[in-house]
Amino acid sequence: MNNIISKISEIEASAASIMDAAAERKKEYAKEMEEKTAAFDREIEAETARQLEKLRESMEADAKKLLDAQRRDAEEAIRQMEETYRSRHTKYVEELFKSMTKE
């Protein structure tokens, strides 16, 4: 009977040892997964930041091109108005004077 109790005690000790080892491995695996998740999050965050920066630079370049084109168009419109004024201002003054002095 002592032999059976001794064997059962050995089995229990062995089972407890196996359970302890499994619990320890579970903790190690959980820590490993946590570290991998944190690393993945950092990698995704860095990639997102790179892509956002690239997109921002692209949008800034597009906006600069658009502003440059609008500036050129505005300068050309001003140049044309100044040219028109220089070439026709006397005529405009005469027509305005005539229209004001008419009955």
Side-chain angles (χ1 to χ4, degrees):
M1 181 83 159
N2 282 341
N3 195 13
I4 294 175
I5 294 175
S6 176
K7 287 290 185 186
I8 291 175
S9 181
E10 287 177 25
I11 293 172
E12 275 188 33
S14 178
S17 175
I18 291 171
M19 293 300 288
D20 289 343
E24 186 62 31
R25 179 63 187 132
K26 184 177 175 182
K27 285 180 189 176
E28 290 173 8
Y29 183 72
K31 184 178 179 183
E32 183 181 327
M33 290 288 80
E34 188 176 310
E35 289 171 357
K36 284 183 179 182
T37 300
F40 179 75
D41 288 346
R42 285 190 302 272
E43 183 180 323
I44 291 296
E45 190 173 310
E47 179 62 25
T48 300
R50 282 191 296 272
Q51 289 179 358
L52 285 174
E53 181 63 21
K54 187 177 178 180
L55 180 60
R56 185 189 61 76
E57 289 173 358
S58 174
M59 291 177 73
E60 283 180 357
D62 291 345
K64 185 180 182 316
K65 286 179 187 176
L66 180 61
L67 285 173
D68 289 344
Q70 289 176 342
R71 186 176 298 115
R72 284 191 303 273
D73 291 347
E75 288 171 354
E76 178 61 21
I78 289 170
R79 188 196 63 75
Q80 288 178 358
M81 285 191 274
E82 288 174 346
E83 178 63 32
T84 300
Y85 172 77
R86 276 194 295 274
S87 67
R88 299 183 185 167
H89 75 278
T90 304
K91 181 181 174 186
Y92 291 152
V93 169
E94 289 172 1
E95 289 177 6
L96 179 62
F97 182 75
K98 285 180 187 177
S99 69
M100 291 175 70
T101 58
K102 271 189 185 178
E103 288 187 44

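These numbers come from a predicted model, not from an experiment. Counting from 1, the numbers follow the sequence of the chain as shown.
- Proximity of Glu35 to Lys31: side-chain heavy atoms (C-beta onward) are separated by under 4.5 Å at one or more points.
- Taken to the nearest 0.5 Å, the OG1 atom of Thr84 stands 9.0 Å off from the CZ atom of Arg79.
- Residue Leu55 holds its CG atom at 15.0 Å from CZ of Arg50, rounded to the nearest 0.5 Å.
- Under a 3.5 Å cut-off, the side chain of Thr37 and the backbone N or O of Met33 do form a donor-acceptor pair.
- Leu52 CG to Glu57 CD: the interatomic distance, rounded to the nearest 0.5 Å, is 11.5 Å.
- Under a cut-off of 6.0 angstrom, the local environment of CD in Glu45 is sparse, with at most 12 non-hydrogen atoms contributed by other residues, nucleotides or ligands.
- For Glu34, the CD atom sits in a loose shell: 12 or fewer heavy atoms of surrounding residues, nucleotides or ligands are nearer than 6.0 Å.
- In this structure, CG on Asp20 lies 15.5 Å from CZ on Arg25, to the nearest 0.5 angstrom.
- Ser58 places no side-chain N or O within donor-acceptor distance of the main-chain N or O of Lys54, the cut-off being under 3.5 Å.
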Practice prompt. Please lay out, stage by stage, how Glu83 and Arg86 fare under the test side-chain contact (heavy atoms from CB on, under 4.5 Å).
Written response: CA-CA 5 Å; Glu83 178 63 32; Arg86 276 194 295 274; 3.4 Å; yes
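- The existence of a salt bridge linking Asp68 and Arg71 is confirmed by a sub-4.0 Å separation between a basic side-chain nitrogen and an acidic carboxylate oxygen.
- Annotation: the span from Glu75 atom CD to Glu82 atom CD amounts to 10.5 Å, rounded to 0.5 Å.
- If you take CE on Met59 and CG on Leu66, they are separated by 12.0 Å, rounding to the nearest 0.5 Å.
- Arg56 has a carboxylate O that lies under 4.0 Å from a charged side-chain N of Glu60, or vice versa, which qualifies the two as a salt bridge.
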